[in-house]
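Below is one structure; the comments refer to it alone.
Computed over heavy atoms, backbone and side chain alike; hydrogens, waters and symmetry mates excluded. In what follows, every chain begins at residue 1, and chains take the letters A, B, ... in the order their sequences are listed.
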Amino acid sequence: MDDARLSESGPPEGTDSEPGAVIELLRETAPLVQCVTNAVVVNFTANALLAVGASPVMADVPGEAGECVGAASALLVNLGTPSGEQREAMLEAAEAADASGTPWVLDPVGVGALGLRTAFAQRLIALRPTVVRGNASEILALTGSGAGGRGVDAADTVDAAIDAAVALSARTGSVVAVSGEVDAVVDGDRVVRVAGGSALLTRVTGGGCSLGAVVAAAVAAAGSGRAGSVTAHALYAVASERAAARAEGPGSFAVAFLDALAAATPDDLSAHAPRIAAAPPGDEARGGGA
Amino acid sequence: MDDARLSESGPPEGTDSEPGAVIELLRETAPLVQCVTNAVVVNFTANALLAVGASPVMADVPGEAGECVGAASALLVNLGTPSGEQREAMLEAAEAADASGTPWVLDPVGVGALGLRTAFAQRLIALRPTVVRGNASEILALTGSGAGGRGVDAADTVDAAIDAAVALSARTGSVVAVSGEVDAVVDGDRVVRVAGGSALLTRVTGGGCSLGAVVAAAVAAAGSGRAGSVTAHALYAVASERAAARAEGPGSFAVAFLDALAAATPDDLSAHAPRIAAAPPGDEARGGGA
Amino acid sequence: MDDARLSESGPPEGTDSEPGAVIELLRETAPLVQCVTNAVVVNFTANALLAVGASPVMADVPGEAGECVGAASALLVNLGTPSGEQREAMLEAAEAADASGTPWVLDPVGVGALGLRTAFAQRLIALRPTVVRGNASEILALTGSGAGGRGVDAADTVDAAIDAAVALSARTGSVVAVSGEVDAVVDGDRVVRVAGGSALLTRVTGGGCSLGAVVAAAVAAAGSGRAGSVTAHALYAVASERAAARAEGPGSFAVAFLDALAAATPDDLSAHAPRIAAAPPGDEARGGGA
């Protein structure tokens, strides 16, 4: 479904900034993004933020994590390897973001598959993340539905998680972004789908996790959870398609992907607009959001 | 000795699956491999697992590490940076694997050179790893012989560690895999040597550590500690030779190596069979294993 | 200012080894460098050490970190993600280095921007690091001046930090190396500037942090804090220029940079000599050091 054109109608209208404009703002403002994220992907995540033009800081120690939010434009909290100290730092950082109104993104990696983090994620959700970004199984698990993923991989489709995402967004006020073959960005009952990308991104660890950080950067630039989320997902689609065209396998894909994140222009993002649409394909019942 | 042909006799006969067949099974079954591994190589290890077609999950927190084994097809425990929480998670995971019969691999990184982990490794060995994979100095240290490596690098040859590997295998029932110019996979008194590879793999951190994870994946696919270990070592030999032919240095080697892990076919593995042999070269006393 | 020729006079004269000679020694001796460093860059740092010909060991656990210094030729302590266990390991390792006379490098990442590590860095400085390596904002913060960086990035120029570096060197006896467009290596009131390099290095996480580890390796090889620091900075300038010429973005730059670290010859370093100078450009008051 990588090449599916969801619509000829262009990006959703309304108050949202257009993805090309958000990228331009991101590059101009170079938002400082504080990340408390997992050991597996922390390097790739910092490199993705640098590539898109943001400034990463990965202060994940209690006593620093909250302080760092004070200087940052956005926060990412990612549950991938939640050590005791990291969990403390996550709460400290999310509390600081909630208190100061700093936008923050929760990436509930592995929620549903592992009990400790499934419970812990509910404490974080109470701190009102601007965006919750995950795969379909994680989003289902956050609403108490679904059977959990397979480790950190989704066992469910994005379509199967739309109702859960709508419910989660309604309950929390968060934008909920669901990654998969065609991503969904859900804000209340409004659903925007972003098509495109490459399956090679799922063969690089941190493909999804680094997206959470780039969502945070784009939300800071856009001043909007929805516009930032749509922009980041579109950027990942554009960059992974370009990288896939050059790659000979997952190793060279990861390298080319970072190059492509840096090289993507506002025009490249604007050209992706036909693949951003306000309704899931074939689901008329959901189509009224835009 | 990279190009040495050890034998014209092909892989050892008997119940073992042929490496090409094991790789095919691995790709079909995409085993979920739970890893408690060190911070230096955790990213490269996850990428190596993804490249070979396995599904990585790196749950290294007490309270999750054991639970995760319940869903996994295999476990890797790697002692590279053994923080207090990780040591607790390692015991929890290895106990779960031992209790459930899940195959698991112990990689005793730096054992012999550093006291804390040398003692700790004995606690893990009591939990009956399916495979112990290390360099020659580490294997010697596990049996109380040798002077320890130089940091995490071997100071001994594979040949010098064969007797220790045989003794360790006899004492523990584990398959013992020793990495070096010509690798050795020891199962009781049976010794299989795997030649090939590239010295460039020793100039990429995680070359050996990621092999431990791929051993775990292949053991799960093969249903055999020995066949899985031989397959994983042969795959690393094939992929590192291919990567070395394209690389301009250690940076591009690492990238090409991940590409080559993904690209290696069952036929590529079968073509490596002449470099897999049942006896160490020139050591007739050890030759009866096959 | 990447292409500025600071001087036609070649490297500073006196007892210092010439950078080409230090690199040759580094390759011959392959110093074991123990690193207690942050989770973001630990992989890239180990790969940089391997690329230059050193042998990395990243033992960051209390009970091992000090023991490991006993076997090592040099130590790096980097404050990037200072967990409780790491802080304990840092003190243990630095105390062991101070007691045994092992050269060690302190990289005060983020000092000035974050309070916990700013205070902690003073405890480490009391243990007499051979070299303090940081960006301008970090060096200013260590002397109580400056307003702190932006996260882990400098908000000040190297020129603005020279006085602070001279004061810090005088107070501590450490060589102080300040990274920026034109680096400065300060030893007492002697200032050596190293020009060259590529801004792409600032778009790869670990560009500066891995330099700290290579400084440690080169100091061990040179037997001199100043000569080792100058050599490592010159090597980074040479390698990053070569990598930038081949790169299509930050992803391919990082790969090419590791290749270039491994490929750089003593002659390449010697050819960089005209861009190493004893005085900051245009600052005659500082010019008498060499």
Heavy-atom pairs under 4.5 Å with chain A - which of B:Leu50, B:Leu261, B:Val255 has more of them than the others? B:Leu50
At a heavy-atom separation under 4.5 Å, does A:Asp153 approach chain B through its side chain, its backbone, both, or neither? side chain
Any side-chain donor paired with an acceptor under 3.5 Å for A:Thr81 and B:Asp60? no
Given B:Ala51, B:Gly70, B:Ala39, the one with more heavy-atom pairs under 4.5 angstrom with chain A than any other is B:Ala51
What is the minimum heavy-atom distance between B:Asn47 and A:Thr205, and which atoms define it? OD1-N, 2.8 Å
Nearest-0.5 Å distance, OG1 of residue A:Thr118 to CD of residue B:Glu64: 8.0 Å
Max heavy-atom pairs within cutoff under 4.5 Å with chain A, candidates B:Ala71, B:Ala59, B:Ala263, B:Ser55, goes to B:Ser55
Around atom CZ of B:Arg27, are there more than 12 heavy atoms of other residues, nucleotides or ligands at under 6.0 Å? yes
Correct closest heavy-atom pair for A:Val41 and B:Asn43 would be CA-ND2, 4.4 Å
Do you know which two heavy atoms are closest between B:Asp259 and A:Ser252, and how far apart they sit? OD2-OG, 2.7 Å
Correct closest heavy-atom pair for B:Ala262 and A:Arg203 would be CB-NH2, 4.1 Å
Check whether A:Ala113 gets within reach of chain B through its side chain, its backbone, both or neither, counting any heavy atom under 4.5 Å. backbone
Just wondering, are more than 12 heavy atoms of other shown residues or ligands nearer than 6.0 Å to CZ in A:Arg150? yes
Taking all non-hydrogen atoms of both residues into account, name the closest pair between A:Ser83 and B:Glu85 and its distance. CB-OE1, 3.3 Å
Nearest heavy-atom pair of A:Pro250 and B:Leu258: which atoms, and what distance? CG-O, 4.0 Å
Atom group of B:Val61 that falls short of 4.5 Å from chain A, counting heavy atoms: side chain
